[in-house]
Structure formats: C-alpha cells, structure tokens
Amino acid sequence: MEFFSTVEFYVVAVAIAIIVITAFSKSRNEASKYTYMYQGHITFCDMSQCDESERISLVSLEDGKVKITHHNVILPEDITVNLIIDVCGDEIICVEKRMERIPGDTAPFYCNVAYTAKCFKHIAYNVRYECEHNGKWCNVSFVNNGDCSVQKELKL
C-alpha cells in the first residue's frame with residue numbers, strides 16, 4: 001500500500017490519464033487532406049446560347065469520375081483556367097483560378113469551363129466552389145454514385 005502514496009505512482013497515473021484522454025479526444029472524421037489540380041476545357045458560346053446566371057453543375061460518371069462544369073462565365077479569349085480541389089474526408093473545396101497566357105487586353109466572351117475530376121470516391125460530399133477571379137461561390141451537396149447530377153447558381 002505504500003506504492004500508492006509514492007511520487008512514482010502519481011507520475012505513472014498522470015501519464016496514463018493523458019494517454020487515455022488523448023486517445024478518446026481524437027475526431028473520428030479525421031482524414032488526410034489531398035490537393036488536386038485540373039485544367040479546364042473552355043468552350044466559347046454565343047450570347048443566344050448563354051443566359052446571365054453563372055452556375056456550376058456536377059455530374060457523376062459511370063467510371064467514378066465527376067464532370068464539373070462552370071456555365072456562363074465571362075473570360076478573355078487567351079486564357080487558361082485551372083481548378084484546385086482540396087479533399088478532406090467528405091469535405092471538398094474547389095477553387096477556380098485563371099492563368100493568363102498572353103498579357104494584354106482581349107475581348108471577354110461567354111463560355112463554359114469543364115473539368116473531369118478523378119479525386120471523388122463513391123460517397124456523399126459537401127462541396128464548396130469558389131471563383132478566385134470574380135469572387136462568386138456556392139455550397140452544394142453531391143453524391144458520387146454514377147447517376148447523380150446537381151446544379152447550383154453562383155452568388156457573390
């Protein structure tokens with residue numbers, strides 16, 4: 001019984017308590033964060049084909065990939081658009097960034113920008129889509145199950 005009143009006992013008891021508290025306090029949804037980058041395929045359209053509202057659409061494909069399309073965006077002609085996707089568990093943040101190829105003034109056109117993302121698993125996601133070049137964004141829930149399709153209008 002003398003062991004329970006020694007300093008060594010209390011040091012061991014505190015160390016075990018810290019280990020137990022640390023083990024139980026970890027989040028169960030803790031996941032690694034991965035970053036992917038995809039180059040957009042730009043399709044210019046005339047004014048009769050496009051309406052004024054900018055929106056995104058997510059379509060799950062049979063092979064597990066997801067087609068992400070940014071509709072009715074105004075871009076200069078000589079430009080490249082990339083999509084940076086951060087995946088952390090069931091949370092996805094997509095940030096669209098413009099990369100100008102040729103400096104100078106070029107006339108802006110209405111266009112659609114499409115990406116084929118290979119980083120989605122077959123689960124439900126909360127997706128945040130942000131456009132760095134114009135400040136518009138939206139949040140959307142999406143299930144990658146082979147036949148899901150959602151659209152959401154972007155807002156400031």
Side-chain angles (χ1 to χ4, degrees), residues 17-156:
I18 290 172
I19 292 170
V20 169
I21 290 171
T22 304
F24 284 110
S25 67
K26 284 194 173 190
S27 172
R28 298 292 179 222
N29 287 337
E30 195 173 282
S32 299
K33 181 178 178 181
Y34 298 98
T35 301
Y36 303 89
M37 185 171 97
Y38 299 101
Q39 186 172 2
H41 176 71
I42 299 173
T43 307
F44 291 97
C45 53
D46 59 16
M47 293 296 290
S48 64
Q49 295 175 331
C50 296
D51 56 9
E52 294 295 320
S53 64
E54 266 186 67
R55 66 186 186 283
I56 64 158
S57 65
L58 288 91
V59 177
S60 65
L61 305 174
E62 291 294 325
D63 59 359
K65 298 175 187 172
V66 175
K67 184 175 182 182
I68 304 170
T69 307
H70 184 177
H71 300 276
N72 305 325
V73 62
I74 300 174
L75 294 174
E77 188 175 2
D78 294 323
I79 203 159
T80 302
V81 183
N82 293 333
L83 188 67
I84 310 298
I85 300 179
D86 290 325
V87 180
C88 186
D90 64 348
E91 301 286 327
I92 291 185
I93 298 175
C94 302
V95 179
E96 187 176 276
K97 296 185 178 200
R98 295 185 344 180
M99 307 294 180
E100 293 194 29
R101 288 191 229 164
I102 301 171
D105 283 339
T106 57
F109 291 94
Y110 274 95
C111 61
N112 297 326
V113 184
Y115 311 92
T116 303
K118 302 173 186 173
C119 59
F120 285 73
K121 295 180 182 174
H122 289 285
I123 61 172
Y125 288 100
N126 296 316
V127 180
R128 178 173 176 89
Y129 194 95
E130 302 173 357
C131 297
E132 186 179 79
H133 52 89
N134 64 9
K136 293 186 178 182
W137 63 277
C138 74
N139 290 324
V140 64
S141 295
F142 177 73
V143 179
N144 186 18
N145 61 3
D147 63 353
C148 184
S149 175
V150 294
Q151 285 196 7
K152 184 82 178 227
E153 188 172 339
L154 295 169
K155 57 187 173 184
L156 280 175

Legend entry - Side chain Lys152, main chain Asn139, donor-acceptor under 3.5 Å: yes
Inset, instruction - Could you tell me whether a side-chain N or O of Asp86 sits under 3.5 Å from a main-chain N or O of Lys33, the two making a donor and an acceptor? - result: no
Inset, instruction - Could you tell me whether the side chain of His122 and the main chain of Asn144 form a donor-acceptor pair under 3.5 Å? - result: yes
Inset, instruction - With side chain to side chain contact (heavy atoms under 4.5 Å, CB included) as the test, would you mind laying out the steps for Phe142 and Val66 before giving the verdict? - result: CA-CA 10 Å; Phe142 177 73; Val66 175; 3.7 Å; yes
Legend entry - Side chains of Ile68 and Tyr129 in contact at under 4.5 Å (non-hydrogen atoms): yes
Legend entry - Listed partners of Asn82 passing side-chain hydrogen bond (donor to acceptor under 3.5 Å, both in side chains), at least two apart: none
Legend entry - pair Glu132-Arg98: side-chain heavy atoms closer than 4.5 Å: no
Inset, instruction - Could you check if a side-chain atom of His70 sits within less than 4.5 angstrom of a side-chain atom of Leu83, using non-hydrogen atoms only? - result: no
Inset, instruction - Check whether any side-chain heavy atom of Lys121 sits under 4.5 Å from a side-chain heavy atom of Val87, and report yes or no. - result: no
Inset, instruction - Check whether any side-chain N or O of Asn112 sits under 3.5 Å from a backbone N or O of Thr43 as a donor-acceptor pair, and report yes or no. - result: no
Inset, instruction - List the steps, then state whether side chain to side chain contact (heavy atoms under 4.5 Å, CB included) holds for Asn126 with Ser141. - result: CA-CA 5 Å; Asn126 296 316; Ser141 295; 3.6 Å; yes
Inset, instruction - Please state whether the rings of Tyr36 and Tyr38 are parallel, tilted or perpendicular, taking 30° and 60° as the class boundaries. - result: parallel
Legend entry - Validation row, ring centre Phe109 to ring centre Phe44 under 6.0 Å: yes
